[in-house]
Engineer: 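So that we are looking at the same thing, I have put the structure below in structure tokens.
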Protein chains: 2
Amino acid sequence: MTSPIRPAEVDRTSPVPLYFQVATRLQELIERGEIGVGDRIENEVDLAERLGVSRPTTRRAIQYLVERGMLVRKRGVGTQVVHPKVRRPVELSSLYDDLRTSDRTPRTEVLKLEVVPAGGEVAAALEIELGTEVTWIERLRYAGGEPLAIMHNAIPMDLIRLTDRDLAEHGLYELLRRAGFVPRIATQVIGARSAGATEARILSEKRGASLLTMTRTAWDAGGRALEYGSHVYRASRYSFELNLSAG
Amino acid sequence: MTSPIRPAEVDRTSPVPLYFQVATRLQELIERGEIGVGDRIENEVDLAERLGVSRPTTRRAIQYLVERGMLVRKRGVGTQVVHPKVRRPVELSSLYDDLRTSDRTPRTEVLKLEVVPAGGEVAAALEIELGTEVTWIERLRYAGGEPLAIMHNAIPMDLIRLTDRDLAEHGLYELLRRAGFVPRIATQVIGARSAGATEARILSEKRGASLLTMTRTAWDAGGRALEYGSHVYRASRYSFELNLSAG
DNA sequence: GTCAATACTTTGTCATGACAAGCTGTCGAA
DNA sequence: TTCGACAGCTTGTCATGACAAAGTATTGAC
């Protein structure tokens, strides 16, 4: 019934925290199906004793997986494996990353890259003074040889110096991260509207076709605004997929 | 510099866990602006001593707020308040709840409520055999006197017995919860398309107008599929707002 | 046979103590 | 003046021990 972790699998000489070793091992067992959906895992106390670690440590390991949506605890009952289809919460990733991890060979064409004074919308989103100079980017994103999205971004001037080539070859988030600015939190709004004539032409759609719109502002851990984006996607070729979990 | 919690504010006779009392109080101070953005909060050890609780307890309180994106910890430095605009991760709530909490007095018209055999899409989403009977619901949701969305839902027959009146007066999630089925995880896909003639008429839109589409499957903690929904929203009146945070 | 009280299992909360690890500022040597 | 070593501060990890609370199974009375 149980496929327990063996005591030999925790290594006290490793710099990796014990709770994380236990959590990782548990996760493997679950993902590999050795502990099936709905199965109860060994209780905290026994597991701790058997592995020779303290209960808080096993508890923390389990907690880690609970937060990632793999396990569910019930007091008086035990800890169960939940449906494997549903894993982690929504991720903070860019379209480029999304496409790359899913095989659809992205290509980027930089339509515009310039420094302009921030307009009202951009200034409000990035929380800077109206007219402050920002880097303004317009890109056309292809996937599988077809145009997929028109992307507009504004980035505070002092963060990073971008070139056409960087942008053509890397995702914006990747570039930001590389420069030491790690997006941690973001708000985004997803809506829809009809394509205007220019948009339609660029995206190879008919005029009036439905477009998905997404605007996003991203901040780093310190609350510094990193990026404002306003993008439109061909609804015929793209949709947003979200995994939610409620505490 | 700090606006600390006073010891009198933790109540050991309360059934509310100490760590939660501390977390709630801290959250209040932050939301009220008494601890500003970027400020460091009192360190764990001092805070624990001053409040007369243990360090693990204060630690857990802080951890709680870190997970909700209000605080950021740095070893060797301290714990800082992050941008207050960005709050919790996406919530698992229904449109009805969303509207009600934001003043826009929802009204629901039940267009259809019947038991039908599950078609391919529904069966796949709910993970049941093709042809298994499910409760099928079609509703028209109004907000502020205007039609806003057409909602289709399929629910496994054995979960709950629904009436027109229930549905007109309560959100579906509310009804599910009341029957003891708590949605915990969900996957949803957001897209867009143009309105057909019938949809346009029902929603008071022109034919070809952009509609936001959202399909969702929700599961309870045990991995049991509770609901499949396929909804269309007037893009001119509605958009999805998400708050993301990355670990 | 049915139902309520009880015992048991399992997770939830909390305290105390200890040491490690990462960051920052200070102080001294070159 | 500059830079490295060091000390001190703060969070990170871990152990041990104890009791509470919730859910499940058993037992016993009727």
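Both backbone and side-chain heavy atoms feed into the values below; hydrogens, waters and symmetry mates do not. Model, not experiment: these values are computed from the prediction. Letters A, B, ... are given to chains in the order of the sequence lines, protein chains preceding strands, and every chain is numbered from 1.
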Engineer: With a 4.0 Å limit, can you tell me whether B:T79 has a side-chain N or O closer than that to the phosphate oxygens OP1/OP2 of D:dT10?
Structural biologist: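 No, outside the criterion.
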Engineer: Between C1' on D:dA20 and CG on B:L18, what's the gap in Å once rounded to a whole number?
Structural biologist: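 My rounded result for the distance is 13 Å.
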Engineer: Return the value, rounded to whole Å, for the distance between atom CD of B:Q80 and atom P of C:dG22.
Structural biologist: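 Result: 19 Å.
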Engineer: Kindly say if B:T57 contacts the phosphate of C:dT13, meaning a side-chain N or O under 4.0 Å from OP1 or OP2.
Structural biologist: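 Checking B:T57 against C:dT13: no side-chain N or O falls below 4.0 Å of OP1 or OP2.
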Engineer: Given C:dA21, D:dT10, C:dT11, which nucleotide is nearest the side-chain atoms of A:R73?
Structural biologist: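 Closest nucleotide among those given: C:dT11.
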Engineer: Round to a whole Å and report the spacing from CZ of A:R75 to P of D:dC19.
Structural biologist: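 Answer to the nearest Å: 17 Å.
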Engineer: Between B:E44 and A:T58, which has a closest nucleotide on DNA chain D that is more 5'?
Structural biologist: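 Mapping each residue to its closest nucleotide by heavy atoms, the 5'-most match is B:E44.
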Engineer: Any luck finding a side-chain donor-acceptor pair between A:Y173 and A:E227 under 3.5 Å?
Structural biologist: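 Distance-only check passes for A:Y173 and A:E227.
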Engineer: So what does B:V53 hit on the nucleic acid, given a heavy-atom distance under 4.0 Å: a base, only sugar-phosphate, or nothing?
Structural biologist: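 Sugar-phosphate, no base atom in range.
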Engineer: Below 4.0 angstrom from OP1 or OP2 of D:dT13, is there any side-chain N or O of A:R60?
Structural biologist: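 Checking A:R60 against D:dT13: at least one side-chain N or O falls below 4.0 Å of OP1 or OP2.
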Engineer: With sugar-phosphate meaning primed atoms plus P, OP1 and OP2, does B:P56 contact a base, only sugar-phosphate, or nothing at under 4.0 Å between heavy atoms?
Structural biologist: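 Base contact.
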Engineer: Got a salt bridge between A:R73 and A:E44, using NZ or NE/NH1/NH2 to carboxylate O under 4.0 Å?
Structural biologist: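 Counted as a salt bridge, because a side-chain N and a carboxylate O are separated by less than 4.0 Å.
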Engineer: Would you tell me if any nitrogen or oxygen in the side chain of A:R55 comes within less than 4.0 Å of OP1 or OP2 on D:dT16?
Structural biologist: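 Checking A:R55 against D:dT16: no side-chain N or O falls below 4.0 Å of OP1 or OP2.
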Engineer: Without decimals, in angstroms, what is the distance between A:Q21 CD and D:dC14 C1'?
Structural biologist: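 Between C1' of D:dC14 and CD of A:Q21: 13 Å.
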Engineer: What's the CG-P distance between B:L47 and C:dA15, to the nearest Å?
Structural biologist: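 One finds 12 Å between P of C:dA15 and CG of B:L47, rounded.
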Engineer: Please report the shortest heavy-atom distance between B:L226 and B:P156, naming the atom on each side.
Structural biologist: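 That closest heavy-atom pairing would be O-CD, 3.3 Å.
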Engineer: Which value, rounded to the nearest 0.5 Å, describes the distance between A:L162 atom CG and A:L172 atom CG?
Structural biologist: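 Reported value, rounded in 0.5 Å steps: 6.5 Å.
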Engineer: Any chance the side chains of A:Y228 and A:E121 put a donor and an acceptor closer than 3.5 Å?
Structural biologist: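 On atom types as modelled, these side chains qualify, holding a pair under 3.5 Å.
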Engineer: B:R40 CZ to C:dT24 P: how many Å, rounded?
Structural biologist: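 In whole Å, C:dT24 P and B:R40 CZ are 10 Å from each other.
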Engineer: Quick check for you: among D:dT16, D:dT11, C:dT11, whose closest atom lies nearest to any side-chain atom of B:V45?
Structural biologist: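 In terms of side-chain proximity for B:V45, the closest of D:dT16, D:dT11, C:dT11 is D:dT11.
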Engineer: Closest nucleotide of DNA chain C for A:D46 versus for B:F20: which of these residues is on the 5' side?
Structural biologist: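 Looking at DNA chain C, the more 5' nearest nucleotide goes with A:D46.
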Engineer: Calculate the interatomic distance between A:L51 atom CG and D:dA15 atom P; express it in whole Å.
Structural biologist: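 After rounding, the reported distance stands at 10 Å.
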Engineer: Of the nucleotides C:dT24, D:dT10, D:dA15, which has the atom closest to the B:N43 side chain?
Structural biologist: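 For B:N43, the side-chain atoms sit closest to D:dT10.
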Engineer: If you assign A:R12 and B:I62 each to the DNA chain D nucleotide with the nearest heavy atom, which residue ends up on the more 5' nucleotide?
Structural biologist: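 Comparing both residues, the 5'-ward one is B:I62.
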Engineer: Output yes when A:R55 and A:E49 qualify as a salt bridge under the 4.0 Å nitrogen-oxygen rule, no when they do not.
Structural biologist: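 Salt bridge: no.
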Engineer: Rounded to whole angstrom units, what separation is found between the CZ atom of A:R59 and the P atom of C:dT11?
Structural biologist: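 In whole Å, C:dT11 P lies 8 Å from A:R59 CZ.
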Engineer: At under 4.0 Å, does any side-chain N or O of A:Y19 touch on OP1 or OP2 of D:dC14?
Structural biologist: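 No, outside the criterion.
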